[in-house]
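Right, one structure below, let's go through it.
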Protein chains: 2
Amino acid sequence: MAQSVAHAAEPAIPMAAVTVDLVVLTIRDDELAVLCVRRGIPPFAGKLALPGGFVRPDETLVMAAARELADETGLPGEVHLEQLATYGDPGRDPRLRVVSVAYLALAPSLPTPRAGSDAADVSWLPVAGLLAGRPSGSGPSGPSEELAFDHRQILADGVERARAKLEYSPLATAFCPPVFTVGQLRRVYEIVWGTSIDPRNFHRKVTGTPGFLVPAGGSTVGERGRPARLYRKGDAELLHPALLRGANC
Amino acid sequence: MAQSVAHAAEPAIPMAAVTVDLVVLTIRDDELAVLCVRRGIPPFAGKLALPGGFVRPDETLVMAAARELADETGLPGEVHLEQLATYGDPGRDPRLRVVSVAYLALAPSLPTPRAGSDAADVSWLPVAGLLAGRPSGSGPSGPSEELAFDHRQILADGVERARAKLEYSPLATAFCPPVFTVGQLRRVYEIVWGTSIDPRNFHRKVTGTPGFLVPAGGSTVGERGRPARLYRKGDAELLHPALLRGANC
DNA sequence: ACAAAAGTGTTGGATTTACACCCATGA
DNA sequence: TCATGGGTGTAAATCCAACACTTTTGT
């Protein structure tokens, strides 16, 4: 790379604007939901989009993603954030060449987000409707809107990444509050995968996987049924053995 | 994102140069090797780097990666190419803000690469030496050089991606010629993972995984030992069941 | 008492591992 | 005939899905 920059006879280096876009997933009302903003200005004014913004000259990519996440949602620091992929087709933004580095964030269930500093409005929307074909009116998943730019593809990639990583990493705990029960964790798997899981085998599997869960002491109270023991996320980064999607159901 | 571009009172959009960098892996002399170029101009003149170049205004990111791959190596189209990650820390290039989208390419064993149009020289180097601590002189893996920019990290990420994907995808076939034997495929796994694998169980596993291999008819001749049947890559994208690294040895 | 959710035990089938064994060729 | 790598058979160990069953709460 970088054939020349100081030689006057060479062609100019092509420049592009660099943004970060966020796929912020959570679970609300027993559905997988994503954080969306309503655009206030062209292009795609009035349409839904993923939150994001330009990368400033003095910050790293992940810093920019964390800043946008805090700006747009006021979420506390306890959020999983990882790079997803980069989207840079010419023409994906009609104004100028924009290369967008997408980040995937997973957050526990939260009350309604507060509007950020510059976003018109911010809301959690079920991913099912946003990923459905494009009914434009009312589809089988209810009325849905389309996302601006190529954000539908970015969302699809983010959801697929999350689904895949639940199998072999303790990422599902990122959807849970700091202290949670095995039943809550199982509901995360069922909702993200869209399957049903045997509660008994799941319990044995996750409590038997070293480093996945550590007992937090105490139990739930005031719930239906027998109280459940509480756990925190363990320190394992990979799960051995992995939980297999497509089995067990 | 994209708060404003047409409003005169807003600050200017920060721009960056966008490059693609390539981690091209192959197997040579029973070692995992990566394609490197010797830089001819500052910064890091004379040092080793991953091949790459600027993304042109009218091409997609993957087109830029494919173009650089062809330019620098003359490799035919039969190469696996996938996006790896994006690196954009300020200061990673001392001249200007450069955001680099790294791609991972896997190629079958090939004769020595021909020098490309603009690269001073191109060579395959074992990854072990490039990833080793930084002995600067002679380490346990032999004398090694350091890579320019943050290319050591990019290489490490690419190797880790390849190792992980061998488990659950038929990616190992990308290191093999179009027609290959089970023994060749096993050697790919052993070299990339740095483990030894039982040949008998490996044979049953890969031939029993639907869609992984399709018989190509015929057998090897002139080799030592019993002739081996020939196979081509199947059409499966995911392996069920997966081959487990860390077992079997 | 009943429903509901948590958690444990058990069992039959599938999968994995280790290795004995045979096959087909070159030297 | 031996060495070398290819390929199959098989038994023990292990893992896993299915489900019976007990525990502990709210109503």
Side-chain angles (χ1 to χ4, degrees), chain A residues 30 166-168 172 176-177 179-191 193 195-210 212-232 238-249, chain B residues 30 166-168 172 176-177 179-191 193 195-210 212-232 238-249:
Chain A
D30 285 339
L166 289 206
E167 292 197 53
Y168 59 90
C176 297
V179 167
F180 54 90
T181 69
V182 173
Q184 288 178 283
L185 187 67
R186 178 170 49 82
R187 245 155 269 140
V188 169
Y189 277 90
E190 291 181 327
I191 290 166
W193 283 351
T195 63
S196 72
I197 298 172
D198 184 292
R200 290 87 55 121
N201 292 333
F202 181 84
H203 185 280
R204 222 184 336 232
K205 229 172 199 173
V206 296
T207 56
T209 300
F212 195 1
L213 302 180
V214 294
S219 303
T220 54
V221 288
E223 304 284 323
R224 269 197 306 275
R226 171 174 168 180
R229 290 175 228 165
L230 296 171
Y231 294 89
R232 297 177 189 280
L238 281 316
L239 265 29
H240 288 291
L243 287 69
L244 272 309
R245 170 171 49 153
N248 201 30
C249 59
Chain B
D30 285 341
L166 289 205
E167 292 198 50
Y168 60 90
C176 296
V179 167
F180 54 89
T181 69
V182 173
Q184 287 178 284
L185 187 67
R186 177 170 50 82
R187 247 154 268 139
V188 169
Y189 277 90
E190 292 181 327
I191 290 166
W193 283 350
T195 63
S196 72
I197 298 173
D198 185 294
R200 289 94 53 137
N201 293 333
F202 181 84
H203 185 280
R204 224 184 335 231
K205 228 172 198 172
V206 296
T207 55
T209 300
F212 194 3
L213 302 180
V214 295
S219 303
T220 54
V221 287
E223 304 283 323
R224 269 196 306 276
R226 170 175 168 180
R229 290 174 228 166
L230 296 172
Y231 294 89
R232 298 177 189 280
L238 282 316
L239 265 29
H240 288 291
L243 286 69
L244 273 309
R245 172 170 47 153
N248 200 28
C249 58

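Order of the sequence lines sets the chain letters (A, B, ...), proteins ahead of strands, with each chain counted from 1.
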Rounded distance in Å - [atom1] ([X]) to [atom2] ([N]):
X: B:Asn201; N: D:dG5; atom1: CG; atom2: P; result: 18 Å
X: A:Leu244; N: D:dA17; atom1: CG; atom2: P; result: 8 Å
X: B:Gln184; N: D:dG7; atom1: CD; atom2: C1'; result: 16 Å
X: A:Arg224; N: D:dT23; atom1: CZ; atom2: C1'; result: 18 Å
X: A:Leu185; N: C:dG7; atom1: CG; atom2: C1'; result: 15 Å
X: A:Glu223; N: C:dG7; atom1: CD; atom2: C1'; result: 17 Å
X: B:Phe202; N: C:dT16; atom1: CZ; atom2: C1'; result: 15 Å
X: B:Leu243; N: C:dT15; atom1: CG; atom2: C1'; result: 13 Å

Would you compute the distance between atom [atom1] of [X] and atom [atom2] of [Y] and round it to the nearest 0.5 angstrom?
X: A:Phe202; Y: A:Thr207; atom1: CZ; atom2: OG1; result: 9.5 Å
X: A:Phe212; Y: A:His240; atom1: CZ; atom2: NE2; result: 13.0 Å
X: B:Arg186; Y: B:Ile191; atom1: CZ; atom2: CD1; result: 10.5 Å

Check: Does a nitrogen or oxygen in the side chain of A:His203 sit under 4.0 Å from OP1 or OP2 of C:dA6?
Finding: no

Note to self: Just N and O in the side chain of B:Lys205: are any of them under 4.0 Å from OP1 or OP2 of C:dT17?
What the structure shows: yes

Item checked: Nearest-nucleotide comparison on DNA chain D, the residue closer to the 5′ end among B:Leu230 and A:Val221 -> B:Leu230

Checklist line | Side chain B:Tyr189, main chain B:Ala172, donor-acceptor under 3.5 Å | finding: no

Next item on the list: May I ask you to say what B:Arg229 touches in the nucleic acid, namely base, sugar-phosphate or nothing, with a heavy-atom cut-off under 4.0 Å?
Entry: sugar-phosphate

Note to self: Among C:dT16, D:dC19, C:dC19, which nucleotide has an atom closest to any side-chain atom of B:Pro241?
What the structure shows: C:dT16

Notebook entry, point to check: From the list D:dT10, C:dA24, D:dC19, which nucleotide is the closest neighbour of the side chain of B:Arg204?
Noted result: D:dT10

Note to self: Quick one, A:Val179 with A:Arg232, criterion side-chain contact (heavy atoms from CB on, under 4.5 Å). Give me CA distance, side-chain angles, the key distance, then yes/no.
What the structure shows: CA-CA 5 Å; A:Val179 167; A:Arg232 297 177 189 280; 3.4 Å; yes

Notebook entry, point to check: Mapping B:Arg200 and B:Gly222 onto DNA chain C by nearest heavy atom, which one lands closer to the 5' end?
Noted result: B:Arg200

Check: Going by modelled atom types, is there a donor-acceptor pair between the base of C:dA5 and the side chain of A:Arg226 at under 3.5 Å?
Finding: no

